[in-house]
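Encoded as structure tokens, the structure appears first; notes follow it.
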Amino acid sequence: MSRRQWHLWIGALAGLTVLGGAVVWLARDSEPEPRSRQYRAFTSCLLTDDQGISGVAAAPVWAGMQETSVATLTKVQHLSVVGPQTADNAAAFVAGLTQSQCDLVILVGEAPSAAAVAAAARFPTQRFLAVGNRGDGTPQNLVWVTGSSDAIRNGVQQAIRDSAG
């Protein structure tokens with residue numbers, strides 16, 4: 001191979017490298033920027049019985065929480081009562097949620113709902129929503145929702161919107 005051919009090959013290779021780099025650079029700019037959600041500083045926490053979010057009572061609540069999270073950019077999380085399904089045991093889980101930056105604590109299931117009134121009285125600055133029949137002596141920071149799955153879902157969504165502002 002002559003020197004002139006060698007220079008032509010080097011020049012062609014350099015030209016292809018520049019052309020390839022330009023194509024990659026232009027293709028990168030045409031892709032949309034990845035989108036991330038900028039969540040608000042508000043978290044709704046769901047406490048369920050041992051059936052979790054797939055339980056009959058908790059499923060519409062969790063669905064409503066997720067839909068509202070997308071619409072309002074608020075955060076949601078869930079936790080299940082582990083161990084004995086009693087109000088006393090559920091109270092320990094409620095206390096944990098109130099200490100973990102939950103702005104609204106939602107209680108679903110027999111044990112969590114049974115712990116609702118005592119928890120609301122113990123943590124008067126915390127907001128609570130319980131699914132089930134209203135107990136006696138309900139504190140102001142506790143809201144109850146009952147009814148069909150749709151009514152409960154709508155009640156949860158409204159409570160999150162009201163609490164998040």
Side-chain angles (χ1 to χ4, degrees), residues 26-165:
L26 289 172
R28 185 199 71 197
D29 284 345
S30 66
E31 293 179 19
E33 289 291 321
R35 297 184 324 159
S36 63
R37 287 188 183 153
Q38 299 297 318
Y39 285 98
R40 296 169 53 193
F42 184 90
T43 303
S44 299
C45 302
L46 173 61
L47 180 63
T48 69
D49 57 18
D50 58 353
Q51 293 182 14
I53 58 174
S54 61
V56 174
V61 173
W62 182 242
M65 290 174 71
Q66 289 180 305
E67 290 169 5
T68 307
S69 173
V70 171
T72 62
L73 297 176
T74 57
K75 295 171 270 190
V76 295
Q77 62 187 46
H78 63 87
L79 178 68
S80 297
V81 173
V82 177
Q85 297 298 301
T86 64
D88 288 340
N89 188 39
F93 289 89
V94 173
L97 290 176
T98 62
Q99 302 303 314
S100 66
Q101 309 301 328
C102 294
D103 297 291
L104 174 63
V105 175
I106 302 172
L107 308 161
V108 178
E110 190 175 322
S113 294
V117 173
R122 182 174 174 201
F123 302 101
T125 60
Q126 178 69 53
R127 289 179 231 146
F128 293 94
L129 180 137
V131 176
N133 293 322
R134 170 172 280 149
D136 293 333
T138 300
Q140 280 190 308
N141 58 330
L142 172 60
V143 173
W144 290 88
V145 293
T146 60
S148 68
S149 292
D150 287 338
I152 291 170
R153 181 186 213 147
N154 292 335
V156 167
Q157 290 174 328
Q158 190 60 50
I160 293 172
R161 284 188 184 99
D162 291 347
S163 296

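Computed from a predicted structure; not experimentally measured.
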Between T72 and R161, what is the shortest heavy-atom contact and its length? CG2-CG, 4.0 Å
Quick check: are there more than 12 heavy atoms from other residues, nucleotides or ligands sitting under 6.0 Å from CZ of R40? yes
Starting at NE2 of H78, measure out to CD1 of I53 and round the result to the nearest 0.5 Å. 3.5 Å
What closest approach, in Å, do A121 and P139 show between heavy atoms, and which atom pair accounts for it? N-CG, 3.9 Å
Residue Q101 excluded, over 12 heavy atoms near CD under 6.0 Å: no
From CA spacing to verdict: side-chain contact (heavy atoms from CB on, under 4.5 Å), W62, S54: CA-CA 9 Å; W62 182 242; S54 61; over 6 Å; no
Hey, are the side chains of V117 and W144 touching, using non-hydrogen atoms and a 4.5 Å cut-off? yes
Side-chain touch E67/R153, heavy atoms, less than 4.5 angstrom: yes
Any side-chain heavy atom of D49 within less than 4.5 Å of one from V81? no
Could you tell me which non-hydrogen atom of T146 sits nearest to which non-hydrogen atom of I152, and how far apart they are? C-CG1, 4.0 Å
R127 CZ to S44 OG distance, which is reported to the nearest 0.5 Å: 9.0 Å
Sequence neighbours left out, what pairs pass disulfide bond (SG atoms under 2.5 Å apart) with at least one residue falling in residues 45-81? C45-C102
For a quick test of reading the model, state the closest non-hydrogen atom pair linking Q126 to D103 and the distance between them. NE2-O, 3.2 Å
Which distance, rounded to the nearest 0.5 Å, do you find between the CG of L104 and the CG of L46? 10.0 Å
Sub-4.5 Å side-chain heavy-atom contact between T68 and V156: no
Q85 versus E110, side-chain donor and acceptor atoms under 3.5 Å: no
Spacing of L47 atom CG and I106 atom CD1 [to the nearest 0.5 Å]: 10.5 Å
Spacing of NZ belonging to K75 relative to CD1 belonging to I160, to within rounding of 0.5 Å: 13.5 Å
I'd like to know if the side chain of T74 reaches the main chain of T43, judged simply by a donor and an acceptor atom lying under 3.5 Å from each other, with no hydrogens or angles considered. no
S80 side chain near T48 side chain, heavy-atom distance below 4.5 Å: yes
Looking only at heavy atoms, which two atoms of P60 and A57 are closest? And how far apart? CD-O, 3.6 Å
How far does OG of S113 sit from CG of L142, to the nearest 0.5 angstrom? 9.0 Å
Give the minimum heavy-atom separation between A115 and A90, together with the two atoms involved. CB-CB, 4.1 Å
Anything under 30° is parallel, anything over 60° is perpendicular, the rest tilted; go ahead and classify F128 against F123. tilted
Are the side chains of S163 and F42 in touch, meaning some heavy atoms are under 4.5 Å apart? yes
